[in-house]
Amino acid sequence: MAHVLQVFPFYLQIKDEESGYNKNLFCIPKHYEEDLERVFIPHGLILDRTERLARDIMQDMGNHHIVALCVLKGGYKFFADLLDHIKALNQNGDKSVPITVDFVRIKSYCKDTPTEKISIVGELSTLNGKNVLVVEDIIKTGRTMKALLSKLKDNEPKMVKVVSLLIKRTYRSPGYRPDYVGFEIPDKLVVGYALDYNEYFRDLNHICILKERAKEKYKSNVRLLK
């Protein structure tokens, strides 16, 4: 089945009826073969969309030094590929700006239940007066991202933009939207391309749908929502 994609001005929407691709058409690590239902977004499509996001970001922010702030751990793969595309644009495009990097970790959910407190680990005071690009893997409820943006605001950066590879359609979301989105997806549990389930599946190249029985297999202190 071909992907059911709808193009919006700033992102691609994958519709609710989309089931993904047969996993046997792709290279899947043997240790995960029995845990995955389907390949939802192939690696090549992720990279192509990431290249376009890099172009859009450089068009908007490419006049001044950019601090790229990676939200760990799930954002590291998207972060690395996005910066590779931005570096290529720096070398070959009309604009060329210095890019520096920083990292932050956010902890908010444990054992399927939201905690009352969101923990943000990282030195944000160095971002004062800077143009900051926050790079996230997935936004589900938007709760943790809004908490991070509030903390960033306290440190008075010059500009803050947020790019997220994925955003979920869910009734739990208050409607927060980042500045740049790769794909809007249905409210399904997806793993791979550094998105994890209890730290497993980060080593998948593709974004995949997890089987129901695999959730029990790997379930232990799982953080489910962002």
Side-chain angles (χ1 to χ4, degrees), residues 1-23 25-28 36-62 66 68-95 99 101 132-140 142 145 160-170 173 176-196 201-210 226:
M1 176 182 176
H3 249 22
V4 183
L5 290 172
Q6 188 169 354
V7 180
F8 285 79
F10 305 110
Y11 59 90
L12 294 174
Q13 184 187 80
I14 301 177
K15 294 188 175 181
D16 291 344
E17 60 266 31
E18 170 59 32
S19 61
Y21 299 92
N22 187 327
K23 64 184 179 183
L25 299 173
F26 300 88
C27 292
I28 302 292
L36 303 174
E37 193 74 49
R38 308 272 288 179
V39 170
F40 200 53
I41 309 178
H43 186 238
L45 183 57
I46 296 169
L47 293 181
D48 192 77
R49 182 69 185 127
T50 301
E51 181 179 6
R52 180 55 203 236
L53 289 172
R55 292 185 186 183
D56 293 342
I57 289 165
M58 280 296 287
Q59 183 175 344
D60 293 345
M61 301 183 69
I66 299 171
L69 182 65
C70 177
V71 180
L72 296 172
K73 296 179 184 176
Y76 82 85
K77 185 67 174 161
F78 176 48
F79 181 78
D81 288 336
L82 181 69
L83 260 61
D84 281 345
H85 286 303
I86 290 176
K87 286 188 291 184
L89 291 171
N90 263 339
Q91 293 170 359
N92 305 309
D94 296 331
K95 297 180 178 180
I99 306 288
V101 301
V132 180
L133 175 67
V134 180
V135 183
E136 176 68 286
D137 57 344
I138 185 168
I139 292 176
K140 301 167 187 175
M145 181 54 66
V160 177
K161 298 280 189 180
V162 178
V163 55
S164 182
L165 177 63
L166 305 176
I167 185 168
K168 275 193 177 183
R169 288 191 302 277
T170 169
S173 173
Y176 169 76
R177 289 274 173 178
D179 301 282
Y180 311 98
V181 178
F183 304 89
E184 182 188 274
I185 65 171
D187 193 4
K188 297 180 179 181
L189 179 56
V190 292
V191 295
Y193 194 69
L195 282 81
D196 76 301
F201 304 101
R202 295 194 195 275
D203 50 334
L204 279 169
N205 280 335
H206 315 289
I207 292 175
C208 300
I209 301 171
L210 199 62
K226 283 187 177 182

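What you see is a predicted model, and the numbers here were worked out from it, not measured in a lab. We're numbering straight along the sequence, starting at 1. As a basis for the values below, the full set of heavy atoms in this structure was taken, side chains included, without hydrogen atoms, waters or symmetry mates.
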What is the distance from atom [atom1] of [X] to atom [atom2] of [Y], rounded to the nearest 0.5 Å?
X: Ile99; Y: Asn90; atom1: CD1; atom2: CG; answer: 5.5 Å
X: Leu165; Y: Arg49; atom1: CG; atom2: CZ; answer: 9.0 Å
X: Leu47; Y: Phe78; atom1: CG; atom2: CZ; answer: 10.5 Å
X: Asp187; Y: Arg169; atom1: CG; atom2: CZ; answer: 9.0 Å
X: Lys140; Y: Thr170; atom1: NZ; atom2: OG1; answer: 10.5 Å
X: Leu195; Y: Asp137; atom1: CG; atom2: CG; answer: 4.5 Å

Any idea which heavy atoms bring [X] and [Y] closest together, and the distance?
X: Pro186; Y: Phe40; answer: CD-CZ, 3.8 Å
X: Ile86; Y: Ile57; answer: CD1-CG2, 4.4 Å
X: Leu83; Y: Ala68; answer: CD1-CB, 3.9 Å
X: Lys161; Y: Asp179; answer: CA-OD2, 3.3 Å
X: Cys208; Y: Leu204; answer: SG-CD1, 4.3 Å
X: Met58; Y: Leu89; answer: CG-CD1, 3.9 Å

Taking the inter-plane angle between the rings of His43 and Tyr193 on a 0 to 90° scale, is it parallel (under 30°), tilted (30 to 60°) or perpendicular (over 60°)?
tilted
Closer than 3.5 angstrom, by distance alone: can the side chain of [X] be matched with the main-chain N or O of [Y] as a donor-acceptor pair?
X: Lys168; Y: Lys188; answer: yes
X: Lys23; Y: Leu36; answer: yes
X: Arg38; Y: Gly20; answer: yes
X: Asp48; Y: Gly44; answer: no

Between [Y] and [X], is there a side-chain heavy-atom distance shorter than 4.5 Å?
X: Val71; Y: Val135; result: no
X: Ile139; Y: Pro178; result: yes
X: Leu166; Y: Ile41; result: yes
X: Val190; Y: Ile185; result: yes

Over 12 foreign heavy atoms within 6.0 Å of CG, Asp94
no
Give the C-alpha distance, both sets of side-chain angles, the deciding distance and a yes or no for salt bridge (charged side-chain N to carboxylate O under 4.0 Å, His left out) between Arg177 and Glu184.
CA-CA 10 Å; Arg177 289 274 173 178; Glu184 182 188 274; 2.5 Å; yes
Answer yes when Asp56 and Arg52 have at least one side-chain N-carboxylate O distance shorter than 4.0 Å, and no when they do not.
yes
